[in-house]
Peer 1: 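Questions regarding the structure given below will be posed in turn.
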Amino acid sequence: MAAEGMLFTNFYTANPLCSPSRAALMTGRLPIRNGFYSTNAHARNAYTPQTIVGGIHQYERLLPELLKEADYKSKIIGKWHLGHRRQFLPINRGFDEFFGSGNCHFGPFDDVNHPNIPVYKDHLMVGRYYTNFTINKSTGQSNISQIFLKEGLSFIEAQHAAQNPFFLYWTPDATHDPNYASEMFHGKSVRGRYGDAVMEMDYCIGKILDKLNELGIDRNTFVFFTSDNGAATYRRRDGGDNGPFLCGKETTYEGGMREPGIAWWPGTVPAGTITHQLSNIMDLFTTSLSLAGVKPPQDRIIDGIDLSSTMLDRAGPLLDRPIWYYRGNEMMAVRLGAYKAHYWLWTEFGNDPRTFTFCQGQYIQNVTVHDQVNHTDQPVLFNVDRDPGEKFVISHKSKEYSTALARIAPVVAEHRRTMERGEPSLNYCDAAVQNWAPPGCEELGYCLKGPASNPKLCIWDH
């Protein structure tokens, strides 16, 4: 893809964890605005396990809903993660088709204390992970990625035959713990199960691009590849590697939020090109609407910017914009140009860093700290262009520091002044809202009886 398209060297997600990032992609808005955060504790990452009560707010306007204005047909394949209760499912939030799950493929569960996660086709459950859609945790083998691939190819073929413009959100999760791969890739990588899963994902994406070429619609289709958070380095061999970047998933260091980004559109996006434009997953919301000829909502702040000029006009200037690093309800850092200012520093909570850390194998004195440290009065500054590993703190006594902060401080002040926080969606958990009796369970004879409702504040330990 990169050889045939454009590589983004400064592409970021909106949060160092899956659910808030996906909410940002679908809304074009920071999680602190769209409500995908928790106020149960300071700066804690929150997501959507099957005990979560909330989901994406009804007042948020999602990308597939807006694309309907230009007659687009849309489908999500894989993990949704923006709420698993009926009102939050993608088929009720603008998508025309859905094949996948509302939650991650955790399990297997006993269907007594915790039900196994349902897999949906559109609005009805067609089975559950482990019991109907096999994942062998002891061997790491499953055919689910191939099922997702087949669903994606069929959707593309059907929309092409009907001459419909389409939006495919293909979001497999085999690289997430517990990793799995099909027989074709099982045991083929030197990086173990994680490597097998990455190899299969690469194969599947290649097949999707091949299908676009085969149908002759490659020159009329915009494709973007990225991730929702940095690699989970704490999983060691079973997780990814963030290269030169500091730490990983769950943190607001570069390794937690700086992601691969590749734009592919033969004949439109110049092949073999690189851009250093500061970009964010929320920009895909705004850019997609722009390419479809649809205006973004005018009644709210949209954080994503239109990257069309970046992709189509290589001679154009880089757009000057900030990148915000939020962890839960706290703005931890901001990047403007080459400089990143940390207003808070923190790795993880309540763990012995000798046995567990989100910064596996990395330690920077007074930077990778295991207690929350407030640097609001004197932010910790790095030049992440020349120091992407955040190893060398710029002295607060230097002219470089004062010059950079003179640019950053007013941007932060304005951001805080105008911030309207959404109602937090991820505060309450309840065993009764788990996937006991999803839509369609009656037809399968696979409805389960859950406990009485007893909502409590969720405990987020990361």
Side-chain angles (χ1 to χ4, degrees), residues 1-14 21 24-26 28 63-64 66-67 70-77 149 152-153 155-157 159-160 163-172 198 201-228 257-296 302-321 323 385:
M1 282 184 74
E4 297 177 358
M6 178 176 284
L7 177 67
F8 285 70
T9 61
N10 289 305
F11 195 86
Y12 289 85
T13 187
S21 294
L25 168 62
M26 287 291 105
L63 181 56
L66 292 164
L67 287 173
D71 297 324
Y72 275 72
K73 299 296 183 182
S74 59
K75 181 168 186 170
I76 172 176
I77 298 170
L149 172 60
L153 298 180
F155 176 74
I156 292 170
E157 290 173 339
Q159 301 315 312
H160 173 63
Q163 297 188 318
N164 291 326
F166 64 87
F167 166 49
L168 173 60
Y169 182 29
W170 196 77
T171 172
V198 171
M201 179 177 65
D202 180 69
Y203 167 86
C204 291
I205 292 170
K207 287 295 184 183
I208 290 172
L209 300 184
D210 287 347
K211 179 58 66 176
L212 298 174
N213 281 310
E214 174 193 322
L215 297 175
I217 56 174
D218 53 306
R219 290 178 171 265
N220 196 32
T221 307
F222 170 60
V223 183
F224 201 94
F225 170 81
T226 190
S227 177
D228 55 1
M257 293 184 60
R258 197 159 165 179
E259 310 301 328
I262 304 173
W264 184 90
W265 188 356
T268 301
V269 173
T273 52
I274 293 173
T275 179
H276 303 296
Q277 171 66 51
L278 292 189
S279 311
N280 192 285
I281 200 168
M282 297 177 290
D283 301 342
L284 298 180
F285 173 90
T286 309
T287 303
S288 297
L289 292 178
S290 174
L291 295 175
V294 177
K295 288 185 177 181
I302 300 296
D303 295 291
I305 65 173
D306 183 2
L307 296 176
S308 299
S309 61
T310 298
M311 296 186 297
L312 308 182
D313 181 12
R314 290 186 61 202
L318 296 180
L319 304 173
D320 189 26
R321 58 88 62 90
I323 295 293
D385 270 356

Peer 1: Test: side chain to side chain donor-acceptor pair (under 3.5 Å). Region: residues 204-220. Which pairs qualify, not counting sequence neighbours?
Peer 2: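 Residue pairs passing side chain to side chain donor-acceptor pair (under 3.5 Å), neighbours aside: E157-K211, K211-E214.
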Peer 1: Can you name the side chain to side chain donor-acceptor pair (under 3.5 Å) partners of Q277, sequence neighbours left out?
Peer 2: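 For Q277, no residue satisfies side chain to side chain donor-acceptor pair (under 3.5 Å) once neighbours in sequence are set aside.
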Peer 1: Can you tell me how far apart CZ (F285) and CG (L66) are? Round to the nearest 0.5 Å.
Peer 2: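 CG of L66 is found 5.0 Å from CZ of F285.
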Peer 1: Which atom pair, heavy atoms only, marks the closest approach of T226 to F224?
Peer 2: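 Closest approach of T226 to F224: CB-CE2, 3.9 Å.
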Peer 1: Who pairs with T13 by side chain to side chain donor-acceptor pair (under 3.5 Å), at least two apart in sequence or on another chain?
Peer 2: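 Partners of T13 under the side chain to side chain donor-acceptor pair (under 3.5 Å) test: S21.
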Peer 1: How close do M6 and V269 get, heavy atom to heavy atom, and via which atoms?
Peer 2: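 Between these two residues, the closest heavy atoms are CB-CG1, 3.6 Å.
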Peer 1: Which residues pass the salt bridge (Lys or Arg N to Asp or Glu O under 4.0 Å) test with D71, sequence neighbours left out?
Peer 2: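 Not a single residue meets the salt bridge (Lys or Arg N to Asp or Glu O under 4.0 Å) criterion with D71.
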Peer 1: Nearest heavy-atom pair of F8 and S279: which atoms, and what distance?
Peer 2: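 That would be CD2-OG, 3.4 Å.
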Peer 1: Sequence neighbours left out, what passes side chain to side chain donor-acceptor pair (under 3.5 Å) with D385? Give chain and number order.
Peer 2: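 Here the qualifying residues are R335.
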Peer 1: Applying side chain to side chain donor-acceptor pair (under 3.5 Å), name anything that partners W170, two or more places apart in sequence or on another chain.
Peer 2: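 W170: no side chain to side chain donor-acceptor pair (under 3.5 Å) contacts found.
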Peer 1: State, to 0.1 Å, how close S309 and D306 come at their nearest heavy-atom pair, and which atoms those are.
Peer 2: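 Minimum heavy-atom separation between S309 and D306: OG-O, 4.4 Å.
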Peer 1: For F222 and M311, work out which heavy atoms get closest and say how close.
Peer 2: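 Between these two residues, the closest heavy atoms are CE1-SD, 3.5 Å.
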Peer 1: For a quick test of reading the model, state the closest non-hydrogen atom pair linking S288 to L63 and the distance between them.
Peer 2: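 So the two residues come closest at CB-CD1, 4.2 Å.
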Peer 1: Distance check, rounded to the nearest 0.5 Å: L318 atom CG versus T310 atom OG1?
Peer 2: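 The distance works out to 7.0 Å.
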Peer 1: Using the side chain to side chain contact (heavy atoms under 4.5 Å, CB included) definition, which of the options L291, L312, T287 pairs with L307?
Peer 2: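 Single pass found, and it is T287.
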